[in-house]
Amino acid sequence: MNRMLVLGTEIDRISFSEAIELALNSTAHRRGDYLVTPNTEIVLRADRSPELREAIRGAALSLPDSIGVEIACRILGTPIAERIPGIDFASALFGRMAERRQSVFLLGAEEGVAARAAAALLARFPGIGIAGTENGYFDRSIEEDIVGRINSASPDLLLVCLGSPKQELWMHRNAPRLRVGLMAGLGGALDVFSGDVPRAPESWRKIGFEWLYRLLREPKRAKRAVKLPLIVFAAIRKRIKGEREIWQRES
Ligand code: UDP
């Protein structure tokens with residue numbers, strides 16, 4: 001698998017199906033693997049934050065989740081294989097895990113959301129095991145307890161849905177002491193799986209306009225959305241300077 005540098009953020013050139021196989025492989029071990037899904041906002045934030053860049057660098061898988069990242073990669077001359085939206089990826093992974101009777105622990109979102117998401121996942125993917133749920137608004141002082149609960153459940157997959165950069169930093173910091181198969185930082189995924197937040201219609205998703213749908217539903221996201229063209233300008237600047245980085249990674 002190839003890994004590329006997009007304004008300091010490492011992103012994998014990998015197909016959807018290859019990524020699923022690698023993720024499944026991780027769920028079978030307990031070696032602290034984690035997955036990140038950088039979107040435009042995360043890439044822009046990482047450009048200014050060495051700590052976030054480091055956390056992303058430590059990920060076993062870094063999946064391009066947004067149209068902005070896809071365009072930036074094309075401008076940089078290192079196109080991605082395909083866009084991999086986190087929700088679609090998690091859904092496909094749950095399907096495969098259900099066949100193998102594997103388990104998932106859901107961490108994140110407001111009180112009650114993870115439990116509702118768990119019920120919905122059980123109905124949609126019979127065979128999946130729910131190893132536990134926990135809301136994402138815990139105090140740092142009880143992090144030990146949460147890690148202890150997760151470790152006693154030892155899930156094959158841990159969804160870490162705390163928003164960015166909290167989730168990437170959390171996974172990076174706790175990976176060495178967590179006894180879980182794969183961790184996946186998936187932002188607002190639990191709100192979607194629980195049914196609290198609807199997904200954009202497929203026709204919007206296909207052309208990469210999920211972000212616009214979310215913006216129209218939640219206008220308070222406007223402050224975040226206006227930053228999106230910045231990734232394109234930044235990529236053009238790098239391209240003009242001739243900066244282009246891509247390398248082969250062990251997978
Ligand atoms: N969240 C959380 N703990 C926090 C901050 C946020 O669990 O301290 C949750 C929040 O409730 C939401 C998710 O993290 O479910 C972030 O969602 P958002 O849509 O902002 O994330 P994105 O997918 O855009 O990164």
Side-chain angles (χ1 to χ4, degrees), residues 6 9 11 34-49 51-53 55-56 59 61-70 83-91 93 104-121 132-143 145-147 149-150 158-174 183-200 204-205 208-228 230-231:
V6 184
T9 294
I11 292 188
Y34 64 92
L35 172 159
V36 293
T37 52
N39 57 22
T40 302
E41 233 189 321
I42 296 178
V43 170
L44 289 174
R45 190 177 295 120
D47 200 31
R48 299 186 313 269
S49 161
E51 209 189 356
L52 179 56
R53 281 202 296 277
I56 294 174
L61 275 169
S62 177
L63 307 180
D65 184 354
S66 78
I67 185 86
V69 171
E70 184 179 7
R83 192 153 31 88
I84 306 184
I87 305 267
D88 296 330
F89 184 78
S91 302
L93 189 58
V104 59
F105 192 112
L106 308 177
L107 171 67
E110 304 272 357
E111 178 65 42
V113 176
R116 283 201 296 283
L121 291 178
T133 61
E134 186 67 54
N135 80 69
Y137 291 86
F138 52 86
D139 194 82
R140 183 87 184 251
S141 62
I142 65 154
E143 192 163 288
D145 294 352
I146 292 186
V147 166
R149 275 195 52 203
I150 296 170
L158 169 66
L159 292 199
V160 184
C161 300
L162 306 173
S164 185
K166 200 171 170 185
Q167 61 199 15
E168 290 82 14
L169 301 178
W170 195 91
M171 292 190 293
H172 183 60
R173 185 170 72 242
N174 289 298
M183 282 181 270
L186 285 177
L190 292 179
D191 300 304
V192 173
F193 286 124
S194 67
D196 293 12
V197 171
R199 261 199 104 180
W204 291 54
R205 301 207 302 261
F209 273 20
E210 186 148 26
W211 61 272
L212 180 60
Y213 181 83
R214 292 179 76 183
L215 175 63
L216 295 175
R217 276 190 45 89
E218 297 173 65
K220 63 177 190 303
R221 284 182 174 268
K223 239 165 78 191
R224 295 159 73 169
V226 291
K227 290 195 218 139
L228 301 189
L230 296 180
I231 193 170

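One-based numbering, in listed order, for ligands and for the atoms of each. If you read the sequence from its start, that first residue is 1, and numbering goes on from there. Quantities reported herein were computed from a predicted structural model and do not represent experimental measurements.
Side-chain atoms of S49 do not come within 3.5 Å of backbone N or O of A46 as any donor-acceptor pair. Side-chain N or O atoms of R83 include none that pairs as donor or acceptor with a backbone N or O of P64 at under 3.5 Å. The closest donor-acceptor contact from the side chain of T37 to the backbone of G185 lies under 3.5 Å. In this structure, the side chain of R221 does not engage the main chain of L215 through any donor-acceptor pair within 3.5 Å.
Shown here for A114 and L106, the closest heavy-atom pair between the two residues is O-CD1, 3.5 Å.
With rounding to the nearest 0.5 angstrom, the CG atom of L190 is 9.0 Å from the CG atom of L162.
Shown in contact with G108 at under 4.0 Å from a heavy atom are these atoms of ligand 1, numbered in order with element: 7 (O). Residue R221 has at least one heavy-atom neighbour below 4.0 Å for each of these atoms of ligand 1: 18 (P), 19 (O), 20 (O), 24 (O). Each of the following atoms of ligand 1 lies closer than 4.0 Å to a heavy atom of D191: 12 (C), 15 (O).
At the shortest separation from atom 24 (O) of ligand 1 among protein heavy atoms lies R224 NH2, 3.1 Å. Protein heavy atom in closest approach to atom 3 (N) of ligand 1: G136 O, 2.7 Å. What sits closest to atom 7 (O) of ligand 1 on the protein, heavy atoms only, is A109 N, 2.8 Å. Scanning the protein for heavy atoms near atom 16 (C) of ligand 1, the closest one is G163 CA, 3.7 Å. Taking atom 5 (C) of ligand 1 as the reference point, the nearest protein heavy-atom neighbour is L162 O, 3.4 Å. Scanning the protein for heavy atoms near atom 23 (O) of ligand 1, the closest one is G188 N, 3.0 Å. Counting only heavy atoms of the protein, atom 8 (O) of ligand 1 lies nearest to K166 NZ, 2.6 Å. Closest protein heavy atom to atom 10 (C) of ligand 1: Y137 OH, 3.3 Å.
At a 4.0 Å heavy-atom cut-off, ligand 1 touches R214 through the side chain alone.
Two residues are said to be in side-chain contact when any heavy atoms from C-beta on lie closer than 4.5 Å; T40 and W211 fail this criterion.
Counted within 6.0 Å of CD on E51, heavy atoms from surrounding residues, nucleotides or ligands total 12 or fewer; the atom is thus considered open.
Scanning G187, S194, A189 for the heavy atom closest to atom 25 (O) of ligand 1 points to G187.
With respect to V43, the side chain to side chain contact (heavy atoms under 4.5 Å, CB included) criterion is satisfied by exactly one of I56, V69, D65, L52: V69.
Using a cut-off of 4.0 Å between Lys/Arg side-chain N and Asp/Glu carboxylate O, R199 and D88 are scored as salt-bridged.
Proximity of E41 to ligand 1 is not established, as no heavy-atom distance is less than 4.0 Å. Contact between E111 and ligand 1 is absent, with no heavy atom of the residue lying under 4.0 Å from the ligand.
Inclusion of L186 in the set of residues having an N or O under 3.5 Å from an N or O of ligand 1 is not warranted.
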